[in-house]
Amino acid sequence: MPDSKLHSASFALALVLRFHEKNVDINSLQHELSGKDSDIEIHDLVRISRRLGLKARKVNVKQRRLHKSPVPFIAKGRNNDYFIIADISAEKNVAMVQFFWAGAVHITPERALGTVER
């Protein structure tokens with residue numbers, strides 16, 4: 001498994017856990033996720049989140065309802081990297097997205113969805 005997938009998944013999960021005031025060591029998350037023989041999937045992140053006390057589930061969101069989604073949330077790109085959607089403004093048609101390799105960027109929800117696995 002390429003390191004970018006492991007790093008992006010553990011970084012995204014750590015950010016969401018810290019947002020919810022859960023102390024987490026990113027190295028322990030990487031260790032837990034690196035034990036898999038296959039790619040990291042959303043259900044792996046949901047399982048770890050639940051184990052650490054969060055309510056978590058996988059959902060598919062249509063573009064027209066994206067602005068109604070609770071933030072922050074973890075999304076998986078078509079290249080299997082994970083990122084955070086931290087804020088969405090329906091009025092301004094802008095989403096704030098956090099990538100582990102590029103930091104926070106503001107893009108349109110359409111572009112954010114274009115990166116998300118369908």
Side-chain angles (χ1 to χ4, degrees):
M1 164 185 355
D3 282 344
S4 69
K5 292 179 183 93
L6 174 62
H7 291 312
S8 68
S10 56
F11 178 81
L13 183 55
L15 279 179
V16 169
L17 288 167
R18 288 180 182 152
F19 175 82
H20 291 287
E21 300 179 355
K22 301 289 183 183
N23 288 330
V24 64
D25 175 37
I26 197 160
N27 292 325
S28 65
L29 289 176
Q30 288 178 346
H31 178 73
E32 187 169 351
L33 291 169
S34 67
K36 292 186 49 64
D37 293 331
S38 60
D39 279 343
I40 298 166
E41 297 295 336
I42 293 286
H43 65 83
D44 299 313
L45 303 181
V46 168
R47 177 183 46 79
I48 294 169
S49 297
R50 287 180 177 171
R51 183 178 56 76
L52 294 173
L54 293 182
K55 292 182 180 178
R57 63 189 171 112
K58 176 186 175 187
V59 296
N60 293 320
V61 180
K62 296 193 184 293
Q63 181 179 346
R64 68 179 184 275
R65 301 200 35 90
L66 186 64
H67 68 281
K68 294 183 178 187
S69 299
V71 291
F73 62 87
I74 299 173
K76 183 178 180 182
R78 288 191 180 130
N79 62 355
N80 290 327
D81 279 346
Y82 291 87
F83 56 95
I84 299 287
I85 296 188
D87 192 23
I88 303 166
S89 170
E91 297 80 33
K92 295 181 182 178
N93 198 35
V94 172
M96 187 176 103
V97 179
Q98 177 81 39
F99 297 101
F100 91 96
W101 65 90
V105 295
H106 291 86
I107 59 177
T108 64
E110 292 82 10
R111 186 163 172 217
L113 280 176
T115 341
V116 176
E117 180 181 62
R118 299 299 295 172

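Every heavy atom of this structure was used, including side-chain atoms; hydrogens, water molecules and symmetry mates were not.
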Contact summary for Leu29 and Ser10, nearest pair of heavy atoms = CD1-O, 3.8 Å
Is atom CG of Asp25 surrounded by more than 12 heavy atoms (other residues, nucleotides or ligands) closer than 6.0 Å?
-> yes
Considering only heavy atoms from C-beta outward, does the side chain of Ile42 approach that of Tyr82 to under 4.5 Å?
-> yes
Applying side-chain contact (heavy atoms from CB on, under 4.5 Å) between Leu13 and each of Leu52, Ile74, Val24, Ile26, report the one that passes.
-> Ile74
Atom CD1 in Ile40, atom CG in Leu6: separation rounded to 0.5 Å?
-> 5.0 Å
Supply the atom-to-atom distance Ser8 OG to Lys76 NZ, rounded to the nearest 0.5 angstrom.
-> 9.5 Å
Looking only at heavy atoms, the pair that brings Lys58 and Asn60 closest together is CE-OD1, 4.3 Å
Phe19 with Val59, same ILVMFWY side-chain cluster at under 4.5 Å = no
Roughly how far, to the nearest 0.5 Å, is CZ of Phe11 from CD1 of Ile84?
-> 7.5 Å
Reported NZ-to-NE2 distance for the pair Lys55 and His20, which is rounded to 0.5 angstrom | 11.5 Å
Got a second to check how far Ile48's CD1 is from Leu33's CG, nearest 0.5 Å?
-> 4.0 Å
Using a cut-off of 6.0 Å, state whether more than 12 heavy atoms not belonging to Arg51 lie near its atom CZ.
-> yes
What are the two closest heavy atoms between Ala86 and Pro72, and how far apart are they?
-> CA-CB, 4.2 Å
